[in-house]
Amino acid sequence: MKHPQREERGLHELYAEDSERADAQLFGRRANPVSRRGFLKQAGLTGITGILGASALPWAGNFPSGLIPAALADSTEPFNLKAYGKQGLTVLNDRPINAETPPHLLDDERTPSRYMFVRNNGIPPTLESINVDEWTLEIGGESCANPQTFRIAELRRQFKTYSYDLQIECGGNGRAAYDPPAKGNQWTTGAVSCARWTGVRLADVLQHCGIKQDAVYTAYYGADAHLSGDPSKQPISRGVPMAKAMEEESLIAWSVNGEAINWLNGYPLRVVTAGWPGSTSGKWVTRIDIRNQVHDGPKMTGSSYRVPRNPVAPGAKVPNEDMVIIGSMPVKSLITRPQTGVEHALNTPLEIRGHAWAGDLPVSTVHVSTDFGATWREARLKAPVNRLAWQNFTFSARFPKSGYYEVWARATDGNGRAQPMVVPGWNPKGYLNNRCHRVGVFVS
Amino acid sequence: MFLSLKKTGTTGIALAVALSAAAAAAQSGYDPVTGLFVAPGHRLVAAHCTACHSARLITQQGATEQGWREMIEWMQDEQGLWPIDEASLAQIIAYLATHYGPDRPHWK
């Protein structure tokens, strides 16, 4: 674990304080208040290229002020959660465990469990206390006609099993970029995964137990304990509207990538409602209710997993009644190759790889820029393995001369909505930051 | 301020920003157990705020006095945080807003 006593101070930190001041301090660049593009004065140009070690910064004039050169942005050392079957994750909090995946470790088309991010709201049931054979799932609630309880083996026997590649992203992925700072774990880009989940359809199980006419919402309950240790409290209990619950890809899952689910990701049983905030996909699930009202469990209300109904100014105070529950996540993409800071030979093409996803929607195109957004070219984009899986893109980049470049990727969803280049609308809890991802490349 | 950048082959780059003497001295001023910046009020924060979660949830934040007050009230209303006497609360909020304010002097 990185010791809190740090001798070094990351560039991130300087930029987080005041990006324009940091720009001025480090590079002598000042923001142009009109275009928000930085003026790279000769001194600044020498400074920035000196730091990056590149002989020139092509398209220097396009380089926006207030952006850390991407080659420097991801320089924090990853930390090891090996004891929990995790590898290379960056730990944001150790109690409860919250850890994200560096972009280059998300390169696989299917995220292996060891690279899957962890967002825990409470304390998971101890591994020793979990008996897979005895684990039960109770179905009930006001709008359930025939409440019933199932062992995992009974779910497998009584219902058809399905497998889907499903992307799960934390609603707060990207929170760290909001200014003024938004409350919660400061995720950067790594609270996302896409893996092959196996289980039974939530719809099949709920229908078997009888969905009454007045059903509105589902509610999951898990075996994780509240941080206070108070057994009468739940750390989190969320759900989705019936329409989302009844989708073919909404699962009660016991397996991922053909293996048992990692303990930190919900072993032995969890809900997967892909494309919606990860918090709707309950872990260590023991009960699912069919409710006759919008579920009101912990983290359904107030400002949790909610955003302002209308856009607000950064830092605004938003009354609870003006906050609405987040549904489908917005369009987003991630560059997983090369790793930022890579050195690349001039005159050879550089293979760019990554993923794009758009909540409930498909992604229609991904565009790539290597000149700080001045021009964009379309990447090759694969169809999803199935609905709600992320889509893989590739792009072959060429560079006209040596120097420091950035590769930017921008996805557009099936409704024509594209990712913003800058951080989108501020909200009190810092959700839904889907700005473009960037990596730095040194060409020589 | 001195900047140095080491290139470590194709695996990436490590950046170290060595701080001025004053700031460097402050870097060693963190409580080794909680990671909280050592300044008046940090003991109260350690006592009231690290029972349920580690202080890393606190040191990630940057909030104003009002923001900290609201977070604490939210934990009292919904997360089982106990009542804190006015004098201690005032010190806790002053400490948090000063050292974990929106300019995030100690982030990460």
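Basis for what follows: all heavy atoms, side chains included, without hydrogens, waters or symmetry-related copies. Bear in mind that the values here come from a model prediction, so they are computed numbers and not experimental data.
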Q: Strictly below 4.0 Å, N to O, side chains only: are B/Glu70 and A/Lys317 in salt-bridge contact?
A: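 Looking at A/Lys317 together with B/Glu70, the answer is yes, because their closest N to O distance falls below 4.0 Å.
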
Q: Does any heavy atom of chain B fall under 4.5 Å from the side chain of A/Asn93, the backbone, both, or neither of them?
A: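 For A/Asn93, backbone and side chain are both near chain B.
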
Q: Could you tell me which of B/Gln79, B/Glu78, B/Met71, B/Gln66 has the largest number of non-hydrogen atom pairs under 4.5 Å with chain A?
A: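 Of B/Gln79, B/Glu78, B/Met71, B/Gln66, B/Gln79 has the most heavy-atom pairs under 4.5 Å with chain A.
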
Q: Taking A/Lys183 for the side chain and B/Gly67 for the main chain, is one N or O donor matched with an acceptor at less than 3.5 Å?
A: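 Side chain of A/Lys183 to backbone of B/Gly67: no pair is present.
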
Q: Hey, are the side chains of A/Pro96 and B/His53 touching, using non-hydrogen atoms and a 4.5 Å cut-off?
A: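 A side-chain contact under 4.5 Å exists here.
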
Q: Of all the heavy-atom pairs spanning A/Ser228 and B/Cys52, show the shortest one and how long it is.
A: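 Nearest heavy atoms, A/Ser228 then B/Cys52: CA-SG, 3.6 Å.
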
Q: Can you tell which part of B/Ala51 gets under 4.5 Å to a heavy atom of chain A, answering side chain, backbone, both or neither?
A: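 Contact with chain A is through the backbone of B/Ala51 alone.
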
Q: Might you point out which heavy atoms bring B/Arg56 and A/Val91 nearest each other, and give the distance in Å?
A: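 Scanning both residues completely, I find the closest heavy atoms to be NH2-O, 2.9 Å.
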
Q: Do you know the tightest heavy-atom contact between A/Pro181 and B/Arg104?
A: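 Taking every non-hydrogen atom into account, CB-NH2, 3.1 Å.
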
Q: Are side-chain heavy atoms of B/Trp107 and A/Gln186 found at a separation under 4.5 Å?
A: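 The answer is yes, as the side chains (C-beta and beyond) meet within the 4.5 Å cut-off.
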
Q: If you look at every heavy atom in A/Arg95 and B/Thr50, which pair is closest and at what distance?
A: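 Nearest pair, atom of A/Arg95 first, then B/Thr50: NH2-O, 3.0 Å.
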
Q: Work out which heavy atom in A/Leu92 is nearest to a heavy atom in B/Gln60; give both atom names and the distance.
A: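 Closest approach of A/Leu92 to B/Gln60, heavy atoms only: O-NE2, 2.9 Å.
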
